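Just so you know, these numbers use all the heavy atoms, side chains as well, and skip hydrogens, waters and symmetry mates. This one's a predicted model, so the numbers in the text were calculated from it and none came from an experiment.
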Amino acid sequence: MRSQRLYQIIKTFLQYGLDELLPRNKIPWYGKLLRMCFFWLRNQHKDKSIEQRFRLAIESLGPVYIKFGQMLSTRRDLLNPEFADELARLQDNVEPFDGALARQRIVDAIGADKFEQSFIEFDQQPLASASIAQVHCAKMLRAEDNDAINVVIKVIRPGIESVIVADIEVMQMFARLVSQYYHEGKRLRPVEVVDEYRKTIMDELDLLREAANSIQLKRNFADDDVLYVPEVYSDYCTKEVMVMERIYGIGVGEVEQLKAANVNMQRLAERGVEVFFTQVFRDSFFHADMHPGNVFVDVTDPADPSWIAIDCGIVGTLNKEDKRYLAENFVAFFNRDYYQVAQLHVDSGWVPADTNVEEFEFAIRTVCEPIFEKPLAEISFGQVLINLFNTARRFDMEVQPQLVLLQKTLLYIEGLGRQLYPELDLWKTAKPYLEAWVKEQMGPKALYNQVKEKLPFWGEKLPELPDLVYDYLKTSQQTKISQLTLVKQMQQQHLQSKRLQLTVVSVGLLIASSVVATQEFYQLASLGGIIGLILMLRSLKD
């Protein structure tokens, strides 16, 4: 399979003229010889730009490469804007596989008896089909009350894992070639990008992971009405099958339907921003794949609509260090303290330690100052991030995967928000959340929260405190005694060394005086002997 796939990929790349991306003067002789072996494969799309040809080639290679291209489109810290914009046009339209086969795979995963007892209806016509899995509607008997409920069953495509593994191995081979021979290979770090993609797509193959993410996200918004996550029935979930509540709503991209339902579009757009910042800054756990196909709108109350999120296969998290870093950057950014922004990048290790901070500051100022001169409603938060990434890229900024996911999600949310309500002022909408979060991270409230967080630990250790103090004092006393003993030993060693030195000198003088004890040197020998005798007596006394 790998050999066949490799030929198909080479054929596609050459027919779209993508070999032009590699400079001929850096291709080794055997690479040029290999190209000549495929002399019949010529560029058939000379009328299109290299960026268009790259997108079309990826589309023709199928779902795995399409998904890879979609991921690449979010890496604007690596790609130039033309490539990123072109890849963002990729659409993941995949033909469904046979419904009878899907049913059989579900039965095999859940168990025939359990399936027959629990599911009274199953629609073999898929509700949706994507590159990795497809979804079928069913009716399930709820165990606690034997009530029939509508559910959807997500099932992994048959044989997709072996296809993905083969494709990724080929990708890794091409990544090594690009890294070695492409003039921007070092900066683009294609090997690391493919490794990151491999981890992401392999995680999506595990529906138990997606089920756990959905359960976590639903719990985070249990007391909020801004976001609804369908219930997951974990008793029926396996690595290849996931059963969850069926939701009813209008796709967030169906703007005309939403307007026809008299939905308050401004409220809906602002709630989208609220959903994003709540996930990121309150929970540090956010849905990182909120494209239009994964987001729906509950229009039960058109004046107060809420969001519905599905497909939690990709989530992002932020640790305390990430949050602290973002908090300090936001404070510096809002204060237009670009030197501090630049210094934070250096201190965090995101750019090399030898980076000229003043030069980096000037580059950031060049990006940000024109933005602040615009009306707030015209400022794109996502574009600010993109420009900052592009600027930092020139200074060899290290890529942080968790913040790339954050950028990608923000771009999705802002794009959806402006599509729903073009006058959306993202800064004004986001500012209360950012200010509250910065105060929580850096102000007295942060100190209070840290003390509150550690209080159970201190409460547990408090009864042990007297014993710990006693042990410390006892250890200190023993250490002091040991130190005194050590001092005495060192003094004794010093005296012994001094005594040995005096003895050696005195014996030397006595021997020397006896050797030169002639009439000519009698007086000198006598004096040396007397001194040697005195020194010997002194050493014996000590």
The complete set of salt bridge (Lys or Arg N to Asp or Glu O under 4.0 Å) pairs with one or both residues in residues 114-128, sequence neighbours excluded, reads Arg103-Glu116

Give, for atom CD1 of Ile153 and atom CZ of Arg105, the distance between the pair rounded to the nearest 0.5 Å.
13.5 Å

Under the salt bridge (charged side-chain N to carboxylate O under 4.0 Å, His left out) test, residues paired with Lys239 that sit two or more places apart
none

Evaluate the side-chain proximity of Pro230 to Ile247: yes if any heavy-atom separation is below 4.5 Å, no if none is.
yes

To the nearest 0.5 angstrom, please state how far the CG atom of Asp311 sits from the CD atom of Glu210.
5.0 Å

Given the rule in the side chain to side chain contact (heavy atoms under 4.5 Å, CB included) test, do Met244 and Val152 qualify, once you have shown the distances and angles that lead to the verdict?
CA-CA 6 Å; Met244 56 187 165; Val152 293; 3.6 Å; yes

So how far is it from Ile164 CD1 to Arg157 CZ, rounded to the nearest 0.5 Å?
10.5 Å

Asn213: partners by side-chain hydrogen bond (donor to acceptor under 3.5 Å, both in side chains), with sequence neighbours left out:
none

Flag yes if more than 12 heavy atoms outside Arg198 fall under 6.0 Å of its CZ atom; otherwise flag no.
no

To the nearest 0.5 Å, tell me how far Met290 CE sits from Cys312 SG.
8.5 Å

Please answer whether the main-chain N or O of Asp289 pairs with a side-chain N or O of Asn294 as donor and acceptor at a distance below 3.5 Å.
yes

Could you walk me through whether Phe285 and Asn220 satisfy the side chain to side chain contact (heavy atoms under 4.5 Å, CB included) test, starting with their C-alpha distance in whole Å, then the side-chain angles of each, then the deciding distance to 0.1 Å, before giving a yes or no?
CA-CA 9 Å; Phe285 185 90; Asn220 290 345; 3.9 Å; yes

By side-chain hydrogen bond (donor to acceptor under 3.5 Å, both in side chains), Arg246 pairs with (sequence neighbours left out) none

Within the structure provided, determine whether Leu101 and Pro158 are in side-chain contact (heavy-atom separation under 4.5 Å).
yes

Residues that Phe119 engages under ring-ring contact (aromatic ring centres under 6.0 Å, His included), provided they are two or more places apart
Phe115, Tyr236

In terms of heavy-atom contacts, Ala57 and Ser60 come closest through O-OG, 2.7 Å

Less than 3.5 Å apart, any donor N or O on the side chain of Ser118 or Arg142 sitting next to an acceptor on the other?
no

With heavy-atom distances below 4.5 Å as the criterion, would you say the side chains of Phe286 and Val275 are in contact?
no

Is there a side-chain contact between Asp147 and Leu141 in this structure, where contact means two heavy atoms from C-beta onward sitting under 4.5 Å apart?
no

Would Asp195 and Lys199 satisfy salt bridge (Lys or Arg N to Asp or Glu O under 4.0 Å), going step by step from the backbone distance to the final call?
CA-CA 6 Å; Asp195 287 342; Lys199 181 181 182 303; over 6 Å; no

Which residue, Ile156, Ile106, Val107, Leu208, forms the side chain to side chain contact (heavy atoms under 4.5 Å, CB included) with Val241?
Ile106

Can you give me the closest heavy-atom contact between Ala288 and Gly316, atom names plus distance?
CB-N, 4.0 Å

Nearest-0.5 Å distance that lies between atom OG1 in Thr238 and atom CG in Leu207
7.0 Å

Worked verdict on Leu205 versus Ile160 for side chain to side chain contact (heavy atoms under 4.5 Å, CB included):
CA-CA 9 Å; Leu205 287 172; Ile160 190 64; 3.8 Å; yes

What ring pair (Phe, Tyr, Trp, His ring centres under 6.0 Å) pairs are there with at least one residue in residues 256-276, not counting sequence neighbours?
none

Pair listing, salt bridge (Lys or Arg N to Asp or Glu O under 4.0 Å) test, anchored in residues 214-225, at least two apart
Asp224-Arg282, Asp225-Arg271

Quick note, ring pair (Phe, Tyr, Trp, His ring centres under 6.0 Å) partners involving residues 243-265, not counting sequence neighbours, are none

Going by heavy atoms in the side chains, are Val252 and Phe296 under 4.5 Å from each other?
no

Residue pairs involving residues 226-235 (criterion side-chain hydrogen bond (donor to acceptor under 3.5 Å, both in side chains); sequence neighbours excluded):
Tyr228-Glu245

Measure across Pro96 and Pro126 and return the closest heavy-atom pair with its distance rounded to 0.1 Å.
CB-CG, 3.6 Å

Considering residues at least two apart in sequence or located in another chain, which fulfil the salt bridge (charged side-chain N to carboxylate O under 4.0 Å, His left out) criterion with Glu270?
none

Answer yes or no: is there a donor N or O on one side and an acceptor on the other, between the side chain of Trp307 and the main chain of Asp298, under 3.5 Å?
no

Taking Val229 as the fixed residue, which of Leu217, Ile215, Ile308 is the one that meets the side chain to side chain contact (heavy atoms under 4.5 Å, CB included) rule?
Leu217

Distance from Ile132 atom CD1 to Met202 atom CE, nearest 0.5 Å?
9.5 Å

Residues 256-265, side-chain donor-acceptor partners within the protein, below 3.5 Å, at least two apart:
from: Asn264; atom 1: OD1; to: Gln266; atom 2: N; distance (Å): 3.3
from: Asn264; atom 1: OD1; to: Arg267; atom 2: N; distance (Å): 3.0

Donor-acceptor contact below 3.5 Å, side chain His287 vs main chain Ile310:
yes

For the pair Leu127 and Cys137, evaluate side chain to side chain contact (heavy atoms under 4.5 Å, CB included) and give the outcome as yes or no after the intermediate values.
CA-CA 7 Å; Leu127 178 66; Cys137 299; 3.8 Å; yes

Can you pull out every ring pair (Phe, Tyr, Trp, His ring centres under 6.0 Å) where at least one residue sits in residues 121-147? Sequence neighbours excluded, please.
Phe122-His136

Side-chain donor-acceptor pair present, Asp113, Gln117, cut-off under 3.5 Å:
no

Closest contact, heavy atoms only, Gln134 versus Ala102:
NE2-CB, 4.1 Å

